[in-house]
Amino acid sequence: MVKIGVNEKSLPFELSWFDKLNCAKSCGYSFIELSIDETEDRISRLDWTKGQRLSLVEDVINTGVPIDTMMLSALRKFPLGSANAEIYDKSYEICQKAIILAKDLGIRNIQIAGYDEYYAAKSLLTRENFIENLRRVVNFASENQVMIAIETMDDKFINSIAKIREIKQEISSPWLQAYPDLGNISAWPENIPSLDLAEGLENIVSVHVKDTLSVTSTSPGKFKNVPFGEGDVEFFGLFKTLKRIGYSGTLTVEMWSEKNDNAVDLMIKAHTFVTELLSKAGLNIEN
């Protein structure tokens, strides 16, 4: 049984949280993924008051639509592996606040992007800093019973579940797991996505579903804003893989349509695309 959710950035930007939750439900989705991105507005959510947090919890209860996961993409701006001491510490502080927010809102796991650095240069130091800082984050998360899930990325640093498993050899904890992105692992020519999923099953706590264009010798690929069905991801084959290996859990449809005039139509279209292929692959969908 799989449960289909949608990332917040798919939903119309101007909606209140109550309306966002109801909109997701009306489009067929079972949960929303909260966005804490690089913008000051969304980073400020980490400092929501108790009243603001309680208000969102009440909206969740009243609509019956949970916020199961959090995307902490603010770590692109404040990467865990930064060689800058102030950014390094700020990154950990952001993670601490995110963990407490997740605990207060009932969020099951926090998706952390698999970058040691994003905007600045990578080095051996940034890799070591990433592991060192991530260990601090996982320890704090375990104290608060919140899952940290590394996403496979549009970056070679961590672009497969196999590489997440290598990180787990450095940081052994049940509170550190994998959040594979089907589009990202499919885009890298060195990956065999079905094998990566099968060998990494025991570490998968959620799955992102998006389309991408593959990296080739002449193209850097395209990892965002590729309409479903117009990219290179073999969704039917990957869904059959998930069925074969016995995956049961959440699938999060990921788009960036929140400021698009036809965001709702795109959400419905994506839901139809995904559910039809899931059903064809034999995966049961939780309503």
*If every non-hydrogen atom of E230 is compared with every non-hydrogen atom of D211, which pair is closest and at what distance?*
N-OD2, 3.4 Å

*Would you check, one step at a time, whether the test side-chain contact (heavy atoms from CB on, under 4.5 Å) holds for F239 with K243?*
CA-CA 6 Å; F239 291 160; K243 168 68 174 177; over 6 Å; no

_Tell me whether the rings of F228 and F235 are parallel (<30°), tilted (30 to 60°) or perpendicular (>60°)._
tilted

_Gap separating the CG atom of L80 from the OG1 atom of T126, nearest 0.5 angstrom_ = 11.5 Å

*Enumerate the residue pairs fulfilling salt bridge (Lys or Arg N to Asp or Glu O under 4.0 Å) with a member in residues 112-135, sequence neighbours excluded, ordered by first and then second residue.*
D116-K122, K122-D155

*Please work out which of the three classes, parallel, tilted or perpendicular, describes the rings of F157 and F130, given edges at 30° and 60°.*
perpendicular

*Check for a donor-acceptor pair, side chain of S26 on one end and backbone N or O of C23 on the other, with a separation under 3.5 Å.*
yes

*Out of curiosity, M147 CE to S206 OG, how far, rounded to the nearest 0.5 Å?*
11.0 Å

*NZ on K97 to CD1 on I43, rounded to 0.5 Å*: 10.0 Å

*Would you check if the side chain of S91 reaches a backbone N or O of F78 as a donor-acceptor pair within less than 3.5 Å?*
yes

*Have a look at I36 and tell me which of R45, M71, E8 forms a side chain to side chain contact (heavy atoms under 4.5 Å, CB included) with it.*
R45

*Do F223 and W188 have ring centroids that are under 6.0 Å from one another?*
yes

*Compare all side-chain heavy atoms of C27 with those of I268 and state whether any distance is below 4.5 angstrom.*
yes

*Could you tell me whether a side-chain N or O of N62 sits under 3.5 Å from a main-chain N or O of E58, the two making a donor and an acceptor?*
yes

*With side-chain contact (heavy atoms from CB on, under 4.5 Å) as the test, would you mind laying out the steps for L11 and Y29 before giving the verdict?*
CA-CA 11 Å; L11 292 146; Y29 297 96; over 6 Å; no

*Out of curiosity, K163 NZ to D196 CG, how far, rounded to the nearest 0.5 Å?*
10.5 Å

*Check: L56 and I67 side chains under 4.5 Å, non-hydrogen atoms*: yes

*Considering only heavy atoms from C-beta outward, does the side chain of P193 approach that of T241 to under 4.5 Å?*
no

*Member of N184, T252, N7 meeting the side-chain hydrogen bond (donor to acceptor under 3.5 Å, both in side chains) criterion with K210*: N184

*Could you walk me through whether D37 and K77 pass the side-chain contact (heavy atoms from CB on, under 4.5 Å) test, one step at a time?*
CA-CA 9 Å; D37 63 18; K77 186 176 181 180; over 6 Å; no

*State, yes or no, whether a side-chain contact exists between I161 and E199 at a heavy-atom distance under 4.5 Å.*
no

*Could you give me the CA-CA distance, side-chain angles and deciding distance for N260 and M255, then say whether side-chain contact (heavy atoms from CB on, under 4.5 Å) is met?*
CA-CA 11 Å; N260 194 310; M255 297 185 293; over 6 Å; no

*Flag, side chain of N262 to backbone of D265, donor-acceptor distance under 3.5 Å*: no

_Could you check whether any side-chain heavy atom of T212 comes within less than 4.5 Å of a side-chain heavy atom of D154, counting everything from C-beta outward?_
no

*asked:* Is it the case that the side chains of N139 and R136 hold a donor-acceptor pair, with the cut-off being a distance below 3.5 Å and no angle test?
replied: no

*Gap separating the OG atom of S73 from the CE atom of M153, nearest 0.5 angstrom*: 8.5 Å

*asked:* When you compare the side chain of N144 with that of W175, does any pair of heavy atoms fall below 4.5 Å?
replied: no

*Taking the side chain as every heavy atom from C-beta outward, state whether S279 and I285 have any atom pair closer than 4.5 Å.*
yes

*Report, as yes or no, whether the 6.0 Å neighbourhood of atom CD1 on I192 holds more than 12 heavy atoms from other residues, nucleotides or ligands.*
no

*Which atom names give the shortest non-hydrogen contact between I148 and L134, and what distance separates them?*
CG2-CD1, 4.3 Å

*Decide, yes or no, whether a salt bridge links K20 with E258 under the criterion of side-chain N to carboxylate O below 4.0 Å.*
no

*Check the surroundings of atom NZ in K168: do more than 12 heavy atoms from other residues, nucleotides or ligands lie under 6.0 Å from it?*
yes

*Search all heavy atoms of T152 against all heavy atoms of S160 and return the closest pair with its distance.*
CG2-C, 3.4 Å

*Could you go step by step and tell me if H208 and Q111 meet the side-chain hydrogen bond (donor to acceptor under 3.5 Å, both in side chains) rule?*
CA-CA 10 Å; H208 263 150; Q111 174 267 332; 5.5 Å; no

*Is the shortest heavy-atom distance from the side chain of I107 to the side chain of V146 under 4.5 Å?*
no

_Please tell me whether V226 and L277 are part of a single hydrophobic cluster in this structure, the criterion being side-chain heavy atoms less than 4.5 Å apart._
no

_Enclosure of E234 CD (heavy-atom neighbours >12, cutoff 6.0 Å)_ = no

*Separation between CG of N109 and CG of L72, rounded to the nearest 0.5 Å*: 11.5 Å

*Are there more than 12 heavy atoms of other residues, nucleotides or ligands under 6.0 Å from atom CD of E86?*
no

